[in-house]
Structures are given as structure tokens and as C-alpha cells.
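Within every chain, numbering begins at 1; the chains are lettered A, B, ... in the order of the sequence lines, protein sequences first and strands thereafter.
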Amino acid sequence: MTSKPRVRFAPSPTGYLHVGGARTALYNWLFARHLGGVFVLRIEDTDLDRSEARHEAALIEDLQWLGLEWDEGPGVEGPHAPYRQSERLGIYREHTERLLREGQAYRCFCTGEQLEAERASAAADHRPQVYSGRCRGIAEPESARRAEAGEAFAVRLKIPDHPLRFHDLVRGEVEFPNETVSDPILVRSSGMPVYNYVVTVDDALMEITHVIRGDDHISNTPKQVAIYEAFGWKLPEFAHLSTILGSDREKLSKRHGATAVASFREMGILPEALVNYLALLGWGAEGGTREIFSLEELTREFRLERVTASPAVFDWEKLHWLSRHYLKQAEPARVEELAWPHFAGAGLLPVLETAGPDVKAWFAKLLALFLPAVSQLDELPKKAGFIFGFDVGAARANEENAAVLATESAQKVLSAFAAKVGAQDGTVTPEQFKAWMNEVKAETGAKGKGLFHPVRIALTGSHSGPEFDKLIPIVEEGSRLTLPVHVASVRERVERFFAE
RNA sequence: GGCGCCAUGGUGUAAUUGGUUAACACGCCGCCCUCUCAAGGCGGAGAGUUCGGGUUCGAUCCCCGAUGGCGCUACCA
């Protein structure tokens, strides 16, 4: 091939972009970028009832968030504009007239009831449910006359007399016997052209060289091949990507929880994590020992020939692993900005724009402490919640805590510790804290868990959590800030714990 | 029912043109670190490649069949 490949992602704006679509877009984008080709975005909105402008806007936002910019399409336009099918109706009409004129297509006057009856009898006879071709034989003068007279008709393509075959980059040669393919409807009786038709016309006119899409389209492909042939157009290469399955091995859907790209963004998963994960879902680099890939690295490594044909099960655990990796890797300033709204939304912090530099600096430290503990940013407020306050009664009542607190040793540790805290004013430093703990240890004989757990419960409400060395400064510093929720100092925590 | 696609540990993928102790990662288990949790480091278990036939000196890999899963079977996309 001498010319640069041209690929397209052609979503219909009938809902949000989900992981399956995102992976299709990603593979198209990677294929184009790897070969220096062109990535086209085309909006398939011929289903006027279900298409909505807000979905198109959301789609574009999601694609941009993933970093998959397009070379031609809405917003950037290009030599084959328009890129929205609802704006290309005239083009389809011209092509339909040509097909009719050349006898490649015909008017079908069959009613829905007739077609229904045909299907029913075909099913009863265990035969393929294909259209009988009843209207194929209507002579052109009569056909034209009936149309003229106002009789409703759809336009159907004549499926040729030979097997329909095409080459698929991930599956090899695929062939469908023509007897199993119905003469497809090209234009509805309403005059609106149908998906299989417009997609083909557009792919050909936009000079798409590689059609990369989900394998739910594989059975549509013979019809599209017939359309290419009817127009005398050269067939593109196809690549049908396998389905993404849920853990129950059913096609992934909203039923399996969040599958919309936007929801991953809202959860606080970084786009590079999602991209990396999606790339791995159906593709493996040569050798297969690497898992972490940036978009640039993927661009370099990606080969369509290495894409698997078998369906893949979506695995949250692995996505989370990747998510944690990228969260730790990311620029702190970026993560701070992304994490902040989750705290503000929980009422723990003011909105970012109104926060002072001292609060921001404090938050940075807080984030550094808790980030390793989460897989996605929206878990943060809960993880760090005890910093902002906890229910002493509930903490004492907690079974595991109660067991720790019940021992005589724990009681001695706590009262010794409280005495230390009460005896002094001012900020508690980690050094001071350490010194106190050593003293308590000497006085009570408690050590290890026996020493630390009671204190940890008193201070945080839980027997587990981040190291005290890092925790103490955050608590103390936080207590001096003006926040929507007061952060209690070590001293306040001790007082509060004993008050109940 | 018809047509099509697919089939390697629980999951995602590897395995020069048929010859490997079937590899890597997630997860799981254990150990180390540690007051604890998370992170991190180290180690382990887990598949003989869905099943049955071929072809071959030799099949994860090629062919056939079965089984199972999925998709399509619309005047939806």
C-alpha cells in the first residue's frame, strides 16, 4: 500500500461512550498513529429518534479526556465534511438513485406483515430467515408507476449470486454464502437511509482503508461488501474486535456496573490507566512480558495483527492495579487538583478556588499520605475521613477496638499517654510524640501493638492506619486551619476520647 | 431454528515459520519490612493448552468433528 491508512471511529450519539467503544476508538487511533495515518471521527446519527446532541458532546469530551484526538471530524472538519450523517442525506439520496438506475437495487413494496409471515415460515422450516425477493422481479415501469402512485416502498439491494467474502486482519478470510444473506434494506419507506448503507457509502467516500470496529458488526459485513461491489468500489481491510465481557461472561453492559468512560473519570481513575488497561484487553505486545504502556509506547508497539479474536473479560482488579500505579506516578499537583473536588463534595474542604495556600499545602501532605491506600480518587474522603473527625462512641463500640481497649494494660497506656498530653501545651511534634511513647512504654511495660494500638484508637478511631510520624504533623497542622470541618489536634482528640 | 465468530491457570495475555520444565501480569497464599493498614521487596500454589479424532518423528500451534460461550438473524446502530 502506497497511501497512508485512513481509519474512523463512528459512534452513534444514542448514549454515553462505554469501554467497548473506547477500546475500538483507541485501537483505531493507535493503528493510525503507528502508521502515520489519519483518524476520522464520524457521527452516526441516522436514527433521529435516539440521537441526541448532548450525547455527541459527551462523546467528544470522553474522547478528548482519553487523549484520542482526531484529524478529521466534528470540530476540526476536513476534506470529506460534513462528518455527521444527518448532514449527508443528499449524498445518500444521489447514491440510491444511481443504484436504482443501474438495476443494482429495487423498490420493495412488501408490508411489515408480509415480511413477518415470511420470517415465521422460514423459522418453521428450519431455513435461513432471508427475504424471499418477492419484489425483485417487479419490472421497472410497474415499480416506477406504483411509486408514482404514492405506494410506500423501501429500497433493497440485490445480493449477488456468489459468496460474499472479505479479509479480516484479526480473523483472516471470512466468507458468507449468499443464500444466507437477505437483500438488505438500504432506504426505509420513510426515506431515511439505513445504517448498513450509509456506513458503507461514507467509508468509501471518506476513503477509509481499514474498518476497525466491534465484532457485533461481523454479520453486517457481507451486506456491506455487496454494497461496495454494487458501486464498484474497492473493499477496505476489516478488523473485527472481540466483545468485552463481564465477569459472568455475558456481554459487558450497565448491568455490570459502571462501564461509561465518564464514570471512570468521575471515580478518579486517570485516563492513562484506562487507556493502558483497554489496550491490554485484547492485545499483547510481542513477548508479552510488559504491562505498563504510555500512549506513546502503545503507539510504537501496537500492531493490529496482534489483536486477539477471542472475547475478553473485563477485570476491575487489574484496572485498579494500573490505576494505583498511575496515581502514584502522576504529578502531585495534578492529582491534588483532581482529588480536591472529592473532598469538597464531601464537605471536608472549601471549593478549590477559595482555598488559601496554607490549606492547599496541608492538603498536599494529606494526599501524599493517603494516596497509596486507594485505587481511585473517590475513595479518598472515606480513607482520610478520621482526620476530619470520627465518632468516639462508635470507635469504642467497635468489636476489635473494644477487645484492644478492654485489657488492663491498654487502660494504663491510655491514662499514662493522656497524662503526658495534658501536662504540656503547644504543638505536638512527631519527636515529642515518640518521646511520650517511650516514656509510656517504660512506665507501663507495654510495647508493640499493646502500646500503639490503644493510642491509635484514641487518636484515629481505628487500630490501623498511616504511620504516626506522618500522621501527627497533619493532624496538628490541620487543627490550626480554618476548614468546613474542624480538624482536632492531638490534644483535642485525647480530651474528646476521654469525655465519652 | 439459520448463519458467523471464538476456545491457553480464576482473569488478561506470551510461547522464533509445529520441537519450551507452557512464560509474564492481575488476583490468591506465605515471608520480610512494620504498632497496624496500605505501599514496597521476596517466594509459592494454580493450566499440560475445552473434548474426540486425524496429519506428523513430534502438536497450544495445521485439518475435521463435537461441546460450550458469544454475536447477528429489524424498514436499530
Side-chain angles (χ1 to χ4, degrees), chain A residues 10-15 44-47 49-51 108 110-112 115-116 119 122-130 152-156 168 170-171 174-177 179-182 184-196 198-199 214-223 240 242-243 245 247 249-251 277 280-292 306 308-322 324 328 369-375 383 404 437 446-457 460 462-468:
Chain A
S12 50
T14 54
E44 313 240 328
D45 56 352
T46 50
D47 184 343
D49 294 339
R50 295 200 295 151
S51 298
C108 175
C110 293
T111 63
L115 297 174
E116 191 53 50
R119 273 193 292 272
D125 292 350
H126 296 194
R127 302 197 51 250
Q129 298 183 26
V130 297
F153 66 89
V155 177
R156 282 188 193 264
D168 191 302
V170 346
R171 293 156 211 271
V174 182
E175 178 178 308
F176 287 77
E179 311 82 54
T180 66
V181 184
S182 263
I185 300 253
L186 265 23
V187 182
R188 300 174 175 94
S189 49
S190 67
M192 186 58 79
V194 125
Y195 165 81
N196 272 309
V198 299
V199 93
D215 71 355
D216 47 335
H217 290 293
I218 203 159
S219 306
N220 289 326
T221 309
K223 295 175 186 172
H240 287 99
S242 64
T243 322
L245 271 21
S247 50
R249 301 214 143 257
E250 303 254 343
K251 186 173 180 175
Y277 180 67
L280 260 24
L281 211 54
W283 168 87
E286 207 172 330
T289 63
R290 271 186 71 196
E291 306 282 328
I292 306 284
R306 293 192 60 83
T308 339
S310 54
V313 174
F314 190 88
D315 181 14
W316 270 97
E317 303 273 18
K318 188 142 186 178
L319 206 212
H320 273 153
W321 170 70
L322 247 9
R324 274 179 255 128
K328 278 181 283 189
L369 189 58
F370 288 98
L371 197 60
V374 300
S375 298
K383 279 281 179 199
V404 172
M437 292 306 278
K447 57 181 179 179
K449 290 184 191 181
L451 175 65
F452 280 87
H453 278 192
V455 175
R456 183 174 280 284
I457 291 169
T460 73
S462 168
H463 58 85
S464 71
E467 308 159 41
F468 281 117

With [atom1] as the reference atom in both, quote the distance from [N] to [M] in angstrom, rounded to an integer.
N     : M     : atom1 : answer
B/U16 : B/C26 : P     : 23 Å
B/G69 : B/A59 : P     : 30 Å
B/C61 : B/G19 : C1'   : 11 Å
B/G2  : B/U8  : P     : 26 Å
B/G9  : B/A25 : C1'   : 13 Å
B/A15 : B/U20 : P     : 16 Å
B/C31 : B/A38 : P     : 13 Å
B/A14 : B/A47 : C1'   : 14 Å

Of all residues at least two apart in sequence or in a different chain, which pass the salt bridge (charged side-chain N to carboxylate O under 4.0 Å, His left out) check with [X]?
X        : value
A/Arg290 : A/Glu297
A/Glu317 : none
A/Lys318 : A/Glu291
A/Arg188 : none

When all nucleic acid strands are considered with a 4.0 Å heavy-atom cut-off, which category describes [X]: base, sugar-phosphate, or nothing?
X        : value
A/Gly288 : base
A/Gly450 : nothing
A/Asp125 : nothing
A/Phe176 : sugar-phosphate
A/Glu250 : sugar-phosphate
A/Gly287 : sugar-phosphate
A/Arg290 : nothing
A/Ser219 : base
A/Leu281 : sugar-phosphate
A/Glu317 : sugar-phosphate
A/Glu291 : base
A/Cys108 : nothing
A/Ser247 : nothing
A/Lys328 : sugar-phosphate

Practice problem: Could you tell me whether A/Arg127 atom CZ has more than 12 heavy atoms of other residues or ligands within 6.0 Å of it? | Solution: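 Check fails, neighbour count at 12 or below.
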
Quiz item: List RNA chain B stems (3 or more consecutive Watson-Crick/G-U pairs, under 3.5 Å)?
Solution: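 Runs of three or more consecutive pairs: B:1-7 with B:67-73, B:10-13 with B:23-26, B:28-32 with B:40-44, B:50-54 with B:62-66.
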
Exercise. Could you tell me from which nucleotide to which nucleotide of RNA chain B, 5' to 3', there is an atom under 4.0 Å from chain A heavy atoms?
Key: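 Nucleotide range with atoms under 4.0 Å of chain A: B/G1 to B/A77.
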
Quiz item: Can you name the residues that form a side-chain contact (heavy atoms from CB on, under 4.5 Å) with A/Ala122, not counting sequence neighbours?
Solution: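 side-chain contact (heavy atoms from CB on, under 4.5 Å) list for A/Ala122, sorted by chain: A/Gln129.
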
Self-check item: For A/Lys447, side-chain contact (heavy atoms from CB on, under 4.5 Å) partners two or more places apart
Solution: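 Here the qualifying residues are A/Lys441.
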
Practice problem: Identify, between A/Ser310 and A/Ala285, the residue whose nearest nucleotide on RNA chain B lies closer to the 5' end. | Solution: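 Its nucleotide being nearer the 5' end, the pick is A/Ser310.
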
Quiz item: On RNA chain B, nearest-nucleotide positions of A/Arg171 versus A/Leu245: which is more 5'?
Solution: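 Between the two, 5'-proximity favours A/Arg171.
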
Practice problem: Determine if the base of B/G48 is syn or anti; take syn to mean the glycosidic torsion is within 90° of 0. | Solution: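 Judged by the O4'-C1' to base torsion, B/G48 sits in syn, the angle falling within 90° of 0.
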
Practice problem: State yes or no: are the ring centers of A/Tyr277 and A/His320 separated by less than 6.0 Å? | Solution: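 No, ring centres 6.0 Å or more apart.
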
Quiz item: For A/Phe176, which residues count as a ring-ring contact (aromatic ring centres under 6.0 Å, His included) partner, sequence neighbours excluded?
Solution: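 Here no residue qualifies.
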
Exercise. Please confirm whether the backbone N or O of A/Ser310 pairs with a side-chain atom of A/Thr308, one donor and one acceptor, at under 3.5 Å?
Key: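 Here the side-chain-to-backbone pair does not exist.
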
Exercise. May I ask you to decide if A/Asn196's main-chain N or O and A/Asn220's side chain share a donor-acceptor pair within less than 3.5 Å?
Key: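 Flag not set: sc A/Asn220 to bb A/Asn196 has no pair under 3.5 Å.
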
